[in-house]
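Take a look at the structure below.
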2 protein chains.
Amino acid sequence: MHQPDHLKSAGLKSTLPRLKVLDLFENSKERHLSAEDVYKQLLSSGEDVGLATVYRVLTQFEQAGLLVRHHFEGGKSVFELNKGEHHDHIVCLQCGHVEEFFDTAIEARQENVATTLGFTIRDHSLHIYGDCTKKDCPHKP
Amino acid sequence: MHQPDHLKSAGLKSTLPRLKVLDLFENSKERHLSAEDVYKQLLSSGEDVGLATVYRVLTQFEQAGLLVRHHFEGGKSVFELNKGEHHDHIVCLQCGHVEEFFDTAIEARQENVATTLGFTIRDHSLHIYGDCTKKDCPHKP
DNA sequence: TATACAAATGATAATCGTTCTTATTTGCAT
DNA sequence: ATGCAAATAAGAACGATTATCATTTGTATA
Ligand SMILES: [Mn+2]
Ligand SMILES: [Mn+2]
Ligand SMILES: [Zn+2]
Ligand SMILES: [Zn+2]
């Protein structure tokens, strides 16, 4: 199980549900998880945590900087461990597979655009949607 | 009122609710409208259209290429008249002011990224958030 | 170690944006 | 004018998320 230090230093009591959620993100195969993903994975691991608690804890972890929340298409929020370094996402519309990328040129041009339009950037989100080429992806070309 | 030609050529019967919605987008002060924006503005203009119809019509207009849908943060879909040319958005976090932009370099680099990662782009969304420099903006620097 | 109490949990109700269902109305071709 | 498929309106249903609140838990203190 995970060391409770991360929680303590975030000002959060180290409770069982919190430790389980954090543990899941650190050991899960999938890096990007929705609230229901977390809930179901915990259930199927025999851990019983309330769905409301999952939502509550995810939001707390986001505010504490432990997780980052993304608003992909599909309506549901998706979370990932905060690596500290920004990146953007490309998502497969067929199978939901997510790849991460960082493009210096894009980042630089964004600054350029903002300056031209008289804005100071505080944040941005770039989501590319398409079809991936994984073998197990139900892609129809 | 608007000419029904746009609807006809989109394969849609030119009904009263459809004409009203289209008219609203073409004469509204705000360019980006949510379903509820449309619904409320029609109500306050004395026009009575069902909310379900608004949702149906917006989706049909999107499919017909008359409107473009955006998934901004905040959970609700926002629509705007399709100008035919793609653009992205920069939004002021202080006053909500929205500017549109198109950057050829960014678009090109996105293709590059997708190719590198084995994706075929179908769509993308780029939202920059920041502080604008309008006189009436409550900016705190 | 036992106690005390604020903080956290979990079950469920409520909310929000959106879609579905269905009886009624409408546009439009004859 | 008539007929009928297509469209509408009202409300139920839905999926994701948040709020409520009685019960439990972590932890500080004695
Ligand atoms: Mn990521
Ligand atoms: Mn726009
Ligand atoms: Zn795929
Ligand atoms: Zn502003």
Side-chain angles (χ1 to χ4, degrees), chain A residues 1-24 32-43 45-64 66-79 96, chain B residues 1-24 32-43 45-64 66-67 69-79:
Chain A
M1 182 74 83
H2 188 270
Q3 294 295 94
D5 306 39
H6 293 143
L7 296 180
K8 287 274 178 51
S9 61
L12 297 169
K13 280 210 294 200
S14 118
T15 66
L16 235 40
R18 284 176 181 154
L19 291 174
K20 289 176 191 166
V21 169
L22 199 45
D23 200 53
L24 178 56
H32 301 89
L33 302 172
S34 69
E36 196 170 359
D37 291 338
V38 171
Y39 178 63
K40 284 184 175 163
Q41 288 206 33
L42 288 181
L43 282 199
S45 308
E47 319 281 5
D48 74 312
V49 177
L51 180 56
T53 302
V54 170
Y55 275 102
R56 231 183 288 120
V57 166
L58 289 176
T59 299
Q60 290 162 344
F61 283 4
E62 181 198 9
Q63 285 162 352
L66 291 172
L67 296 179
V68 177
R69 180 197 301 255
H70 300 292
H71 300 276
F72 293 148
E73 283 189 22
K76 47 176 68 173
S77 287
V78 172
F79 299 80
Chain B
M1 184 73 84
H2 188 268
Q3 293 295 94
D5 306 40
H6 292 143
L7 296 180
K8 286 273 177 52
S9 61
L12 297 170
K13 283 211 290 199
S14 120
T15 66
L16 236 39
R18 283 173 182 159
L19 291 174
K20 288 175 192 168
V21 170
L22 199 45
D23 199 54
L24 177 56
H32 302 89
L33 301 172
S34 70
E36 196 170 0
D37 291 338
V38 171
Y39 179 62
K40 284 184 175 165
Q41 286 205 34
L42 288 180
L43 283 197
S45 307
E47 319 280 5
D48 74 312
V49 177
L51 179 56
T53 302
V54 169
Y55 274 102
R56 225 183 296 116
V57 167
L58 289 176
T59 299
Q60 290 162 343
F61 283 4
E62 182 197 9
Q63 285 162 351
L66 291 172
L67 295 180
R69 181 197 301 256
H70 299 293
H71 299 277
F72 289 140
E73 288 191 20
K76 45 177 69 173
S77 288
V78 173
F79 299 81

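Residue numbers begin at 1 in each chain, while the letters A, B, ... track the order of the sequences. Values in this document were obtained by computation on a predicted structure and should not be read as measured data.
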**OP:** Give one of base, sugar-phosphate or nothing for A/Ser77, where a contact means two heavy atoms less than 4.0 Å apart.
**Re:** sugar-phosphate

Subject >> Residues which pass side chain to side chain contact (heavy atoms under 4.5 Å, CB included) with B/Lys76, listed by chain and number, not counting sequence neighbours >> reply: B/Ser34, B/Glu36

Subject >> Options D/dA9, C/dA8, D/dT17, nucleotide nearest the side-chain atoms of B/Thr53 >> reply: D/dA9

Original post:
The side chain of B/Arg18 lies closest to which of these nucleotides: C/dA8, C/dG17, D/dT8?
Top reply: D/dT8

Subject >> B/S/- contact track for nucleotides 25-30 of chain C, protein heavy atom under 4.0 Å >> reply: --BS--

Original post:
Got a sec, which residues hit side chain to side chain contact (heavy atoms under 4.5 Å, CB included) with A/Val54, two or more places apart in sequence or on another chain?
Top reply: A/Ala35, A/Val38, A/Tyr39, A/Val49, A/Leu58

Subject >> A/Glu47 and A/Leu24, any side-chain heavy atoms less than 4.5 Å apart >> reply: no

Original post:
Can you list the steps and then say if A/Leu22 with A/Val57 is a side-chain contact (heavy atoms from CB on, under 4.5 Å)?
Top reply: CA-CA 9 Å; A/Leu22 199 45; A/Val57 166; over 6 Å; no

Original post:
What residues form a side chain to side chain contact (heavy atoms under 4.5 Å, CB included) with A/Glu73, not counting sequence neighbours?
Top reply: A/Tyr129, B/His71, B/Asp123

Original post:
When rounded to the nearest 0.5 angstrom, what is the spacing between CZ in B/Phe61 and CG in B/Leu12?
Top reply: 6.5 Å

Subject >> Partners passing side chain to side chain contact (heavy atoms under 4.5 Å, CB included) against B/Thr59 (at least two apart in sequence or in another chain) >> reply: B/Gln63, B/Arg69

Between the protein and nucleotides 18-23 of chain D, which nitrogen or oxygen pairs come in under 3.5 angstrom?
none

